[in-house]
Amino acid sequence: MPIKIHNTLSNKKEIFTPQRENKVSMYVCGVTPYDEVHLGHARAYVVFDIVKRHLLKRGYDVNHIQNFTDVDDKIIKRANEKNIPSAQLAQTYIDDYFAQMDKLNILKAKKYPRVTEMIPEIISFIQQLIDKGFAYETNGDVYYSVDKFKEYGKLSKRNTEDLKAGARVGVCDEKHCAFDFALWKKSKSGEPADVSWDSPWGKGRPGWHIECSVMSSKILGDTIDIHGGGQDLIFPHHENEIAQSEAKTGKPFVKYWIHNGFVTINKEKMSKSLNNFFTLKSIFYKYNPRVVRYYLLTQHYSSPLDFSDSGLESAKSALQGLDDAYLRLSSVAKIPAAEVTDEDLIAIKNAFLDSLDDDFNSEKALSYLHELKNMILNEIFKSPETRLTQLKKLFEEFCEESLGISLPKNDSSDEDLQNLLNERNAVRIAKNWPEADRLRKAIDEKGYKIVDNPDGTSVLTKKI
RNA sequence: GGUGCGGUACCCAAGUGGUAAGGGAGCAGUCUGCAAAACUGUUAUUCGCCGGUUCAAUUCCGGCCCGCACCUCCA
């Protein structure tokens, strides 16, 4: 079964065929590091992590690039307020990005290019657009002339007439057309020198949209297989990227556009102006990152995902059930991992992977994971160990390879814990119930719970 | 005004032209020293509303109602 991807450009589900066999070039728009990463970032990068993991699972070599927009109005403003260089502010939040994404178990991109490392390439790109007549310089600023690019609007399904009807874009005297966007912005008086570069048009800095066109073509070539980002980037950011790149090269910029839906709060978009904003740091204070990751997978990537405590609690319970089943299985399936050869397991594995082939349907994949969990619980004291080992291997493949959900390890190395458990089992045999209950409570207070098996043994599972 | 997405049980949610996956929660029971976990049963004759096509529609078509997003920086 081939991989199918819903392509924003065609607005259809298409069979995925990359330009080169077994190789995929993938560019995902990164963050502007002017503040701590939030839940919306988590959603986007978990979504593209699932895309990447599945492509890897299907044997593709994925060249994944993600940028940092480390020059930007907001960065300059914040840095100015804190009286530190922009680069320092950006680095602080880039560090935060990696710290939080690591907790979410996001695979690293091959490269994380930054705007400040690409200034010569950006200037050269803009100059070519001017030379080809797609851009013009006005008083130190350079603008892209939207009217010159006939296919403008093909991604966001708008035409300039529709845009004019929206009439929320102010008319600017410097621009020929109200929808023209900046490629190069002249330095304003009072702006620090560290965010100003020499150019043929005077001192200035790049506009927001040009960087992605430049970085992707420099690292991945003129046409890339997959370009991803949040739905809010479709217009104008990605529309503008197409205009820039295709005007320059005359070739298609991107084969497959993938856009993730938003995280909402009470059905409304999470935003600072609505004051319904959650940074990952604050969420991880309350919820384990594994729970957050699981929760983000419980809805198809293109739909909005409503964030709520009840939703997180539900995810937590579901994940606890998976953990418990896995740890109990681990305590009995101890021989080295076997290849999965049983026919029913191959069938469920195929069903699981097929659902990810179908536009990365993570929720459907999770349903097969739960089906597998139920098989494990049914068989745990009935099936031979060779069978249990296969179940364990498959469970690990689903969770750790495809879904990026790390699994708990048996904590038999904790001597205190083991002693408490052994003591409890001893007093249970002696029918000393008050003491057994006291020990159970002591274990509970250490963050573990006891699962008493029907055969008299007990397994400790860590509470999430 | 333009554009796009969606409305499935108590909650979240997948899905298909042939009669509703999964998760959470609840209830009853089994098991248990008591619990927990697990197991069994149970909670949508029905998929926003109204028409149409069809032997058959939640799934296709048309209309309507409602919600959300984008058109300004935003994952």
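Below, read A as the first sequence line, B as the second, and so on, with proteins coming before strands; counting in each chain starts at 1.
The listed nucleotides are G22(B), A25(B), C12(B); the one nearest the side chain of Ser317(A) is A25(B). Side-chain proximity of Phe235(A) to the nucleotides G22(B), A75(B), C70(B) is greatest for C70(B). In this structure, of C73(B), A75(B), C70(B), it is C73(B) that holds the atom nearest to the side chain of Pro236(A). Checked against A14(B), A75(B), G24(B), the side chain of Asn361(A) finds its nearest nucleotide in A14(B). Comparing C70(B), A75(B), A14(B) by their closest approach to the side chain of Lys269(A) singles out C70(B). Which of A14(B), G2(B), A75(B) sits closest to the side chain of Gln299(A) comes down to A14(B). You'll find that the side chain of Arg158(A) is closest to G2(B), out of A75(B), G2(B), C73(B).
If you check every strand for non-hydrogen atoms under 4.0 Å, Gly311(A) touches nothing. Residue-level contact check: Phe262(A) touches the bases, meaning some heavy atom is under 4.0 Å from a base atom. Within 4.0 Å (heavy atoms only), Gly228(A) reaches no atom of the nucleic acid at all. Gly230(A) comes within 4.0 angstrom of the backbone, heavy atoms only, and of no base. Residue Val47(A) is classed as having no contact, given no heavy-atom separation below 4.0 Å to the nucleic acid.
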Self-check item: Dot-bracket line, read 5' to 3' along RNA chain B, where crossing pairs take [ ] and | marks a partner on another strand, Watson-Crick or G-U under 3.5 Å
Solution: (((((((..(((.....[...)))((((((.......))))))....(((((..]....))))))))))))....
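Remark: Arg43(A) is not positioned above the aromatic ring of Phe262(A), lacking an NZ or CZ atom under 6.0 angstrom from the ring centre and at most 45 degrees off the axis.
Remark: the separation of the C1' atoms in A44(B) and G1(B) is 40 Å, to the nearest Å. Annotation: C49(B) and C10(B) have their P atoms spaced 14 Å apart (nearest Å). Between C12(B) and U53(B), the two C1' atoms lie 34 Å apart (nearest whole Å). U30(B) sits 39 Å from G15(B) when the P atoms are compared, rounded to a whole Å.
The residue from Tyr97(A), Phe284(A), Phe277(A), Phe278(A) that alone fulfils the ring pair (Phe, Tyr, Trp, His ring centres under 6.0 Å) condition with His38(A) is Phe277(A). Exactly one residue among His237(A), His238(A), His6(A) makes a ring pair (Phe, Tyr, Trp, His ring centres under 6.0 Å) with Trp257(A). That residue is His238(A).
Annotation for Lys111(A): atom NZ does not count as buried by contact number, only 12 or fewer foreign heavy atoms lying within 6.0 Å.
Salt bridge annotation for Asp358(A)-Lys13(A): present, with a cationic side-chain nitrogen under 4.0 angstrom from a carboxylate oxygen.
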Between the protein and nucleotides 4-11 of chain B, which nitrogen or oxygen pairs come in under 3.5 angstrom?
| from | atom 1 | to | atom 2 | distance (Å) |
| --- | --- | --- | --- | --- |
| C5(B) | OP1 | Asn11(A) | ND2 | 3.4 |

Quiz prompt | Contact pattern, 5' to 3', of nucleotides 29-42 of chain B - B, S or - by protein heavy atom under 4.0 Å | solution = ----BBBBSSS---
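A heavy-atom distance below 4.5 Å is found between the side chains of Arg424(A) and Arg440(A).
For His227(A) and Tyr256(A), the ring centers are positioned 6.0 Å apart or more. Aromatic ring centroids of Tyr301(A) and Phe48(A) lie 6.0 Å or more apart.
The distance from the CZ atom of Phe352(A) to the CG atom of Leu369(A) is 6.5 Å, given to the nearest 0.5 Å.
Residue His41(A) places at least one side-chain N or O closer than 4.0 Å to OP1 or OP2 of A75(B).
Between the base of G22(B) and the side chain of Glu363(A) there is a donor-acceptor pair shorter than 3.5 Å.
Aromatic ring orientation, Phe395(A) versus Tyr326(A): parallel (interplanar angle below 30°, classes split at 30° and 60°).
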